[in-house]
2 protein chains.
Amino acid sequence: MAAATLKNIQKCPTSYVLAIQDTLNAFQGKWKMPIIGTLLFGKKRFKEIEREIPKITPRMLSQELKDLEMNGIISRTVYATSPVTVEYELTKSGKQLSKVVEAMLEWGLQHRRANMLELLPILQSKTA
Amino acid sequence: MAAATLKNIQKCPTSYVLAIQDTLNAFQGKWKMPIIGTLLFGKKRFKEIEREIPKITPRMLSQELKDLEMNGIISRTVYATSPVTVEYELTKSGKQLSKVVEAMLEWGLQHRRANMLELLPILQSKTA
DNA sequence: TATAGCGGTATACAATAGTATACCGGTATC
DNA sequence: GATACCGGTATACTATTGTATACCGCTATA
């Protein structure tokens, strides 16, 4: 079987497109990346996440956590303490998202370098 | 200098976060991925892109092309034919986005496989 | 008994994103 | 002269997202 790479997209365009859409979906909205980001450093409780992400409201956090759970990216565990303790953790699949984030990081850094090099002469001619 | 990887994010958290945000931004909205996707196969004219992306309106296409151009992801070239011919093409940096898309594709495919394996026993017990 | 923390939910609203539809000037074709 | 293609823009609207604010039952602590 051919490797699943963009060059082979003609072989099964629909499932490739769906796969990419799934990934985009995992990061969709203002808060998914911050949430995934904090969970990449380990399991956390609701209020912990809330404290680590400035300005997020409990409504949004609750909503996005549900969404991520439904999509199999995080798991929610309730411990029968009293009152209950709830822990959120990336699933195996969720942890793999770090590869995508890594690729995003690399692109973002190189893109900023490239744009900087393009802007430099312009900035210099303005200040000269 | 340390490699720019997520494990080193403590070293310059702000610029790492900005870099990731830039990448997310490149794909933000309903139409950016389809547009980038078609341009990964080569330069195209406005109406060509419009025809290749079902249901996109010229308003959205125009808006998103401007946005991508401003962010240094595509370039717009006007040829002095009459009437004018306009060509859109990924910049060098834009072409590098294929690496990110590739990572998204891989994650999406493995995630679907993983979820399928999880759902299978459930589906089987329902039909049994 | 009052206060604070936990893990959220409810309601109402504001802002952003996307759609529908029609139209523009220029040119080549029938 | 009418129609169609090019590369878009204008206006008005709808739908989706996100925010603000207040509140819930429960429990531990002062």
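Atom set for the values below is all heavy atoms of this structure, side chains included, hydrogens, waters and symmetry mates excluded. Residue numbers start from 1 in every chain, and the chains themselves are labelled A, B, ... in the order their sequence lines are given, proteins ahead of strands.
Not counting sequence neighbours, the partners of Lys32(B) by the salt bridge (Lys or Arg N to Asp or Glu O under 4.0 Å) test are Glu64(B), Asp67(B). Scanning for side chain to side chain contact (heavy atoms under 4.5 Å, CB included) contacts around Glu118(A) gives an empty result, with sequence neighbours left out. For Glu50(B), the salt bridge (Lys or Arg N to Asp or Glu O under 4.0 Å) criterion is met by Lys47(B), not counting sequence neighbours. Residues that satisfy the side chain to side chain donor-acceptor pair (under 3.5 Å) test with Asn25(A), not counting sequence neighbours, are absent from this structure. Partners of Thr57(B) under the side chain to side chain contact (heavy atoms under 4.5 Å, CB included) rule, at least two apart in sequence or in another chain, are Arg59(B), Met60(B). Every residue two or more places apart in sequence or in another chain was checked for a salt bridge (Lys or Arg N to Asp or Glu O under 4.0 Å) with Glu48(B), and none qualifies. With sequence neighbours excluded, no residue forms a salt bridge (Lys or Arg N to Asp or Glu O under 4.0 Å) with Glu69(A).
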Protein-nucleotides 1-4 of chain D N/O pairs under 3.5 Å:
none

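Along DNA chain C, the stretch of nucleotides lying under 4.0 Å from any heavy atom of chain B spans, 5' to 3', dG18(C) to dA28(C).
Nearest-nucleotide assignment on DNA chain D puts the 5′-proximal partner with Val86(B), out of Val86(B) and Gly29(A).
At whole-Å resolution of the value, NZ in Lys30(A) and C1' in dT16(D) are 15 Å apart. Atom CG in Asp67(A) sits about 10 Å away from atom P in dG18(D), given to the nearest Å.
Contacts classified as ring pair (Phe, Tyr, Trp, His ring centres under 6.0 Å) and involving residues 41-83 of chain B (residues at least two apart or in different chains) are not found. Note on residues 86-109 of chain B: pairs passing ring pair (Phe, Tyr, Trp, His ring centres under 6.0 Å), not counting sequence neighbours, are Trp107(B)-His111(B).
Of the residues in residues 44-65 of chain A, those with a non-hydrogen atom less than 4.0 angstrom from any atom of DNA chain C are Arg45(A), Phe46(A), Lys47(A), Arg51(A), Pro58(A), Arg59(A), Ser62(A).
Considering CE of Met70(A) and CG of Leu65(A), their distance stands at 12.5 Å, rounded to 0.5 Å.
The residue Tyr88(B) sits close only to the backbone: its heavy atoms come under 4.0 Å of sugar-phosphate atoms, none of a base.
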